[in-house]
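Hydrogens, waters and symmetry mates are skipped; everything else that's a heavy atom, side chains included, is used. Each chain gets a letter, A, B and so on, in the order the sequences are listed, and its residues count up from 1.
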Amino acid sequence: MVVADDEGGIRYWPDFVDAQIADAWFAALQAADWKEQRRPMYDRVVDVPRLLAGYATGQWPPALPLTDMLQRVQRLAPADYNAVGLNLYRDGRDSVAMHNDKLHTIGPGQPIALVSLGDSRRMRIRAKTGPRAGIDLVLEPGSLLVMSHASQLTHEHGIPKTVRPVGPRMSVVFRVRSEKYAH
DNA sequence: GAAGGTCAAGCGCA
DNA sequence: CTGCGCTTGACCTT
């Protein structure tokens with residue numbers, strides 16, 4: 001347990017699946033419907049530093065291994081997941097700023113399950129109040145990170161950029177979206 | 001419909 | 001090398 005609270009806190013399983021499965025998933029998910037996004041930044045528009053894809057549960061192309069992934073996630077972190085979000089960090093310049101998942105879009109008490117594939121990347125986790133001691137967690141391929149709803153209130157997380165040469169990493173995030181946000 | 005939060009890059013400093 | 005806090009603004013949410 002990386003962070004403790006009464007909903008399970010933040011839990012990390014480095015060996016969620018073995019390397020062969022992780023590699024196969026990573027390869028198959030290249031075929032997802034990856035989209036670039038852009039955002040305004042001062043007087044210019046910049047690319048969001050990662051590629052994004054997302055599906056409602058069961059609405060993904062059958063060729064994607066998401067059904068298998070979801071079944072395995074269910075064994076360790078059972079919940080009525082109704083959405084998946086995928087992020088592709090192409091190299092060390094790709095990142096996500098520190099943030100927490102929007103509580104209003106997640107069912108109360110429901111976990112968020114994140115599977116990592118491809119190269120390892122370091123995730124920074126930090127308490128939002130009090131002593132702002134940060135925790136670094138290396139998210140390895142084939143690992144599972146489960147974050148409680150409550151932990152989103154107390155902690156924020158992000159994937160910082162790095163100068164170290166790194167290959168692509170993918171995260172596959174299963175969530176229980178509230179009614180009005182679910183498709 | 002007003003108001004508040006988000007989150008991109010780059011900078012300076014620790 | 002890396003972390004952090006600051007900055008603006010279009011868009012989203014309440």
Let's go through A/Ile135 and A/Val2 carefully: what are the C-alpha distance in whole Å and the side-chain angles of both, what is the deciding distance for side chain to side chain contact (heavy atoms under 4.5 Å, CB included) to 0.1 Å, and is it a yes or a no? CA-CA 8 Å; A/Ile135 300 165; A/Val2 181; 3.9 Å; yes

To 10°, what angle do the rotation axes through the five end pairs on each side of the helix from B/dA2-C/dT14 to B/dA14-C/dT2 form?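 End-to-end axis angle for the helix from B/dA2-C/dT14 to B/dA14-C/dT2: 30°, rounded to 10°.
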
Exercise answer: donor-acceptor pairs, residues 23-33 of chain A side-chain atoms, under 3.5 Å, sequence neighbours excluded:
{"from": "A/Gln30", "atom 1": "NE2", "to": "A/Phe26", "atom 2": "O", "distance (Å)": "3.4"}

Phosphate oxygens OP1/OP2 of C/dC4: is one of them under 4.0 Å from a side-chain N or O of A/Arg124?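 Yes, within the criterion.
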
Is the shortest side-chain N/O distance from A/Thr162 to OP1 or OP2 of C/dC1 below 4.0 Å?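 So the side-chain polar atoms of A/Thr162 never come under 4.0 Å of the phosphate oxygens OP1 or OP2 of C/dC1.
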
Would you jot down, in residue-number order, the residues of residues 35-46 of chain A having a non-hydrogen atom under 4.0 Å from DNA chain C?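 Nucleic-acid contacts, sorted: A/Arg39, A/Pro40, A/Tyr42.
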
Determine which pairs satisfy salt bridge (charged side-chain N to carboxylate O under 4.0 Å, His left out) with at least one residue from residues 67-93 of chain A, sequence neighbours left out, and list them in order.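 Qualifying pairs: A/Asp68-A/Arg72, A/Arg90-A/Asp94, A/Asp91-A/Arg93.
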
Whole-Å gap separating [atom2] ([N]) and [atom1] ([X]):
X        : N      : atom1 : atom2 : value
A/Asn100 : C/dT13 : CG    : C1'   : 15 Å
A/Arg177 : C/dT13 : CZ    : C1'   : 13 Å
A/Ile159 : C/dG3  : CD1   : C1'   : 15 Å
A/Met98  : C/dC6  : CE    : P     : 15 Å
A/Asp101 : C/dT13 : CG    : C1'   : 16 Å
A/Arg122 : C/dT2  : CZ    : C1'   : 7 Å

NA contact type, A/Arg93, heavy-atom cut-off 4.0 Å: base, sugar-phosphate, or nothing?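 No contact.
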
Hey, what do you get for [atom1] ([X]) to [atom2] ([Y]), rounding to the nearest 0.5 Å?
X        : Y        : atom1 : atom2 : result
A/Arg175 : A/His149 : CZ    : NE2   : 12.0 Å
A/Ser171 : A/Leu139 : OG    : CG    : 8.5 Å
A/Glu156 : A/Asp101 : CD    : CG    : 11.5 Å
A/Glu36  : A/Arg50  : CD    : CZ    : 12.5 Å
A/Met98  : A/Ile125 : CE    : CD1   : 8.0 Å

Among all residues two or more places apart in sequence or in another chain, which pass the ring-ring contact (aromatic ring centres under 6.0 Å, His included) test with A/His157?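 For A/His157 the ring-ring contact (aromatic ring centres under 6.0 Å, His included) partners, ignoring immediate neighbours, are A/His99.
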
Span of DNA chain B in contact with chain A (heavy atoms, under 4.0 Å):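 Footprint of chain A along DNA chain B, 5' to 3': B/dT6 to B/dG10.
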
Is A/Tyr12 reaching over with its side chain to a backbone N or O of A/Val138, donor-acceptor style, under 3.5 angstrom?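 Between the backbone of A/Val138 and the side chain of A/Tyr12 there is a qualifying donor-acceptor contact (under 3.5 Å).
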
Full working for side chain to side chain contact (heavy atoms under 4.5 Å, CB included) between A/Phe174 and A/Met69: CA-CA 10 Å; A/Phe174 293 93; A/Met69 295 178 74; 4.1 Å; yes

